[in-house]
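See below for the structure under consideration.
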Protein chains: 2
Amino acid sequence: MAEKPLFDRIAIIGIGLIGSSIARAILRGNLTDELVISDRSPQHLSEAEKLELGHAFHANPSDAVKDADLVILCTPVGTYREIGEQIAAGLKAGAIVSDVGSVKEHVVNALQDVLPAHVDFIPGHPISGTEKSGPKHGFAELFDQRFCILTPTEDASQSAIDRLKAFWEAIGSDVEIMDAKHHDLVLAITSHVPHLIAYNIVGTADDLESVTKSEVIKFSAGGFRDFTRIAASDPIMWRDVFLTNRDAVLEMLGRFLEDLSMLQRAVRDSDGEMLEGLFTRTRNIRRSIIDAGQETDAPDFGRKHHSDKAE
Amino acid sequence: MAEKPLFDRIAIIGIGLIGSSIARAILRGNLTDELVISDRSPQHLSEAEKLELGHAFHANPSDAVKDADLVILCTPVGTYREIGEQIAAGLKAGAIVSDVGSVKEHVVNALQDVLPAHVDFIPGHPISGTEKSGPKHGFAELFDQRFCILTPTEDASQSAIDRLKAFWEAIGSDVEIMDAKHHDLVLAITSHVPHLIAYNIVGTADDLESVTKSEVIKFSAGGFRDFTRIAASDPIMWRDVFLTNRDAVLEMLGRFLEDLSMLQRAVRDSDGEMLEGLFTRTRNIRRSIIDAGQETDAPDFGRKHHSDKAE
C-alpha cells in the first residue's frame with residue numbers, strides 16, 4: 001500500500017520555528033523518502049539532529065540541496081540572495097525552489113536572476129507562526145487549517161505549482177495563489193503593521209517615566225499583554241520584513257495613522273457617538289474570523305485562568 | 001466551624017461579565033450570607049436568576065442596596081451618577097460603596113457629592129476581563145492571580161479599606177492601593193491606549209478597498225487577529241472609558257505617536273539597526289510579564305492548534 005511520496009527528496013534550509021514545523025509535518029505525513037536539513041547555526045543543526053527532524057544534516061546548504069526535488073528556504077529573507085548564490089550550481093534540473101518568507105516581491109527580486117532556468121521558482125508564505133523561535137518550538141500542527149499563499153513567477157510550470165499546492169495541502173493548509181505585489185499589500189495590513197504597532201506600544205510603555213516598568217508589568221492584563229506576544233517575535237526576521245516591504249508598510253501605516261488622527265479627535269471632542277459606532281463595527285470582524293476557522297471562540301484566546309489558587 | 005462571612009449582605013449593581021464573575025467568586029468563597037443582584041436589563045436579571053448567581057434579584061438598585069454592607073457598582077461608568085442618586089437615600093450607615101470601573105478620577109467626581117457621608121466610598125478596579133459580555137460569560141476564576149487596584153477617597157476609614165482589601169484577596173486577587181489620578185495614567189498605557197489602537201487598526205482594515213474583507217479574514221493569523229480580541233470588547237463600556245479618561249489617554253497616545261513617527265522614519269530610511277534594537281528590547285518585557293504570573297508562557301497564548309484535522 002506504500003504510495004509514492006510527493007517528493008523523493010526535500011531540503012529545508014533553516015530549521016527554526018517554521019522550518020522545524022514543516023519538517024515535523026513532512027514526517028507526520030510521510031511526504032518524502034529523504035528529508036535533508038541545513039542550518040548555518042551549528043547549535044540549531046545539532047538540536048534538529050537530536051530531535052530527529054530529518055534524515056541528513058548539513059551545515060552547507062549547497063550540500064543539502066543536492067538531488068532535492070523540493071528546496072524550501074526557511075531563513076530570514078535578508079539571507080536569501082547569499083543562499084541562492086550558494087545553492088544555484090547544485091540544484092537539480094526540474095527541482096522546485098520555494099520559501100516561507102513574509103514578503104514576496106523582494107524575494108522574487110532577490111532570487112530570480114540567481115537561480116538557474118532549469119528549476120521552478122515558486123515563492124510561498126504559510127500564514128502561521130508563534131512568538132517562539134528555534135527548532136525545539138516547532139510542531140507539526142502549526143499549519144493545520146491555516147492558509148498558505150503561493151506567488152508563482154511567470155516562468156513556473158503549472159505542474160510544479162500543482163505539486164507544491166498538493167504538498168501544502170498534505171501539510172494541512174489551504175492554498176491561495178496570488179500576485180507577489182498584492183501579497184505584500186495584504187500582509188502589510190494583516191501582519192506587518194500589526195507587528196509594527198505592537199512593537200511600538202511595548203517600546204513606549206518601556207520608556208515611560210510617569211508609569212514605572214513594574215506597574216506596566218503588574219497591570220498588563222488590562223490589554224497591554226496581548227501586544228507583547230507579537231512584540232516578542234524574532235527580531236531579525238521582523239527587521240528584514242520591514243527592510244523588504246517598505247512601500248506597502250508605509251502605505252498601510254499611513255492609512256492607520258489617518259484613522260487614528262480621527263479617533264484622537266473624537267476622544268478630544270468627547271464624541272461618544274463616533275466611538276460607540278467604531279467599537280460596535282469592529283466587534284463583527286472577530287466573529288467573521290472565528291466563523292472562518294482562523295481564530296478560537298474561547299474567551300481570552302483560551303488562556304488558562306488559575307482556579308488552582310482558589311483553594 | 002461556620003466562620004462569620006466578610007459581609008452579611010452584598011449588593012451587586014450590574015450583572016454583566018464582571019458583576020457575574022464577582023457573584024460567582026463570592027458564592028465560591030462563601031463571602032456573604034445574602035447576595036443581592038440588580039440589573040436594569042430584565043433579560044440579564046432573569047438570566048442571573050436562572051444561573052442562581054445570588055439570593056435576591058431586583059430591577060431597582062435602590063431596593064437592592066437596602067441593608068447591604070457592601071455595594072459594588074458593575075455597570076458602565078457613564079451610568080454611575082444616576083445610580084448613585086437612586087441608591088443614596090437607601091444606603092445603610094457604615095456601608096462600603098465600591099465599583100469596578102476602568103477609570104477612577106471621574107468615578108470620584110461623579111459619586112463623591114451624591115453619596116451620603118455615613119458610607120465609606122472606596123473606588124476599585126480589578127485588572128481582569130475577557131472580550132465577552134453578559135452574565136453567562138462570567139466565571140469565578142476571572143480574578144485569580146490578577147491585581148485589583150483600590151483608590152480610597154480621603155474620607156474612607158482605614159478599617160473599611162482593610163475589609164475591602166480582604167474581600168478582594170478572598171476573591172483571589174492581589175490588592176494595590178493607589179491615587180485615583182495615577183491609576184488613570186497607568187491604565188491609559190496598560191489598557192486604554194492598547195484598546196484604542198486595536199479598535200483603530202480593525203477599523204482601518206475594515207475600510208480598505210485595495211485589500212478585501214475576505215482577505216483580511218483569511219490571512220488574519222499573521223498577527224491581525226490578536227487585535228480583534230480586545231476590539232471585540234463591550235462598546236458602551238469602552239465608549240465611557242474614553243469619555244471619562246480623556247486627558248490621560250491623550251497624553252499616552254501622544255507618546256505612542258511620537259515613538260511611532262520615529263519608527264515610521266526608521267522604516268522609510270531602512271534603518272535596520274534601530275528596528276532590530278527595538279524588536280530585541282520589546283522581547284524582554286513579555287518575559288517579565290510571564291515571570292510575574294500575569295501571562296501564560298504557552299506559545300500563541302495557548303491557542304488550540306487543530307491536530308484533529310490531520311488524520
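Given the structure is predicted, the values throughout are model-derived calculations rather than measurements. Naming: A, B, ... by sequence-line order, numbering from 1 per chain. Heavy atoms only: backbone and side chains are in, while hydrogens, waters and symmetry mates are out.
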Exercise for review: Show your reasoning for whether side-chain hydrogen bond (donor to acceptor under 3.5 Å, both in side chains) applies to B/Arg283 and A/Ser133.
Suggested key: CA-CA 12 Å; B/Arg283 221 174 194 189; A/Ser133 309; 2.7 Å; yes

Exercise for review: Apply side chain to side chain contact (heavy atoms under 4.5 Å, CB included) to the pair B/Arg239 and A/Glu273, showing each step before the final yes or no.
Suggested key: CA-CA 8 Å; B/Arg239 178 200 66 191; A/Glu273 203 175 324; over 6 Å; no

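- The greatest number of non-hydrogen atom pairs below 4.5 Å with chain A, out of B/Met274, B/Arg281, B/Arg287, is found for B/Arg281.
- In this structure, the side chain of B/Gln294 does not engage the main chain of A/Phe219 through any donor-acceptor pair within 3.5 Å.
- Proximity of a side-chain donor or acceptor of B/Asn200 to a complementary backbone N or O of A/Leu260 within less than 3.5 Å is detected.
- Annotation: maximal heavy-atom pairing with chain B below 4.5 Å, among A/Val193, A/Leu263, A/Thr130, occurs at A/Leu263.
- In this structure, no portion of B/Phe143 lies under 4.5 Å from any heavy atom of chain A.
- The CD1 atom of B/Ile285 sits 3.5 Å away from atom CG of A/Asp206, with the distance rounded to the nearest 0.5 Å.
- Ionic pairing of A/Glu295 and B/Arg229 is not present here: no N-O contact between side-chain nitrogen and carboxylate oxygen is shorter than 4.0 angstrom.
- Of the listed residues B/Gly223, B/Gly29, B/Ala266, B/Gly222, the one with more heavy-atom pairs under 4.5 angstrom with chain A than any other is B/Gly222.
- A distance of 8.5 Å separates CG of B/Leu196 from CD of A/Gln264, quoted to the nearest 0.5 Å.
- Once rounded to the nearest 0.5 Å, the distance linking OG of B/Ser233 with CZ of A/Phe279 reads 10.0 Å.
- Proximity to chain B is limited to the side chain of A/Glu176, based on heavy atoms less than 4.5 angstrom apart.
- The greatest number of non-hydrogen atom pairs below 4.5 Å with chain B, out of A/Ser191, A/Gly272, A/Pro194, is found for A/Pro194.
- Between chain B and the residues A/Met252, A/His125, A/His137, A/Glu251, the most heavy-atom pairs under 4.5 angstrom are made by A/Met252.
- If you measure heavy-atom distances from B/Met262 to chain A, you find no contacts under 4.5 Å at all.
- When heavy atoms are compared at a cutoff of 4.5 Å, A/Ile149 approaches chain B solely by way of its side chain, counted from C-beta outward.
- When each of B/Ala298, B/Gly302, B/Ala292, B/Ala221 is scored by its heavy-atom pairs under 4.5 Å with chain A, the top score falls to B/Ala221.
- The CZ atom of B/Arg268 sits 5.0 Å away from atom CG of A/Leu250, with the distance rounded to the nearest 0.5 Å.
- With respect to A/Asp297 and B/Lys132, a salt bridge is recorded, a charged nitrogen being found less than 4.0 Å from a carboxylate O.
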Point to revise | Criterion side chain to side chain contact (heavy atoms under 4.5 Å, CB included) on A/Ile230 and B/Phe227, from CA distance to verdict | key: CA-CA 10 Å; A/Ile230 57 181; B/Phe227 292 76; 3.5 Å; yes

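- Residues B/Ser220 and A/Ile289 share a closest heavy-atom pair of OG-CG2, 3.3 Å.
- Considering every non-hydrogen atom in both B/Asp300 and A/Gly129, the closest pair reads OD2-O, 4.2 Å.
- By number of non-hydrogen pairs under 4.5 angstrom with chain A, the leading residue of B/Lys218, B/Glu258, B/Glu215 is B/Lys218.
- Note that the CD1 atom of A/Ile201 and the CD1 atom of B/Ile189 stand 4.5 Å from one another [nearest 0.5 Å].
- Residue B/His192: no heavy atom, backbone or side chain, is found under 4.5 Å from chain A.
- A donor-acceptor contact shorter than 3.5 Å is absent between the side chain of A/Thr190 and the backbone of B/Val216.
- Interface summary for chain B: among A/Leu142, A/Asp291, A/Leu185, A/Thr282, the most heavy-atom pairs under 4.5 angstrom belong to A/Thr282.
- Proximity to chain B (any heavy atom under 4.5 Å) is restricted, for A/His182, to the side chain, taken from C-beta onward.
- With a threshold of 4.5 angstrom between heavy atoms, A/Leu257 approaches chain B through side-chain atoms but not through N, CA, C or O.
- Ranked by heavy-atom pairs shorter than 4.5 Å toward chain A, the options B/Ile290, B/Leu243, B/Leu275, B/Thr296 are led by B/Leu243.
- Residue with the most contacts toward chain A among B/Gly78, B/Ser210, B/Ala198, B/Ala188: B/Ser210 (heavy-atom pairs, distance under 4.5 Å).
- Residue contact with chain B, scored on non-hydrogen atoms closer than 4.5 Å, involves the side chain of A/Met178 exclusively.
- Using a cutoff of 4.0 Å between basic side-chain nitrogens and carboxylate oxygens, B/Asp269 and A/Arg246 are not scored as salt-bridged.
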Practice item. Apply side chain to side chain contact (heavy atoms under 4.5 Å, CB included) to the pair B/Ile217 and A/Ser288, showing each step before the final yes or no. Key: CA-CA 7 Å; B/Ile217 289 163; A/Ser288 305; 3.4 Å; yes

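- With a 4.5 angstrom heavy-atom cutoff, B/Asp247 does not touch chain A via any of its atoms.
- Minimum heavy-atom separation, B/Phe301 to A/Asp226: CZ-O, 3.6 Å.
- Closest non-hydrogen pair, A/Ala232 versus B/Arg286, comes out as CB-CD, 3.7 Å.
- In this structure, A/Thr204 OG1 and B/Phe256 CZ are separated by 6.5 Å, a value rounded to the nearest 0.5 Å.
- Contacts with chain B were tallied for A/Asp234, A/Thr244, A/Thr212, A/Leu187; A/Asp234 has the most, counting heavy-atom pairs under 4.5 Å.
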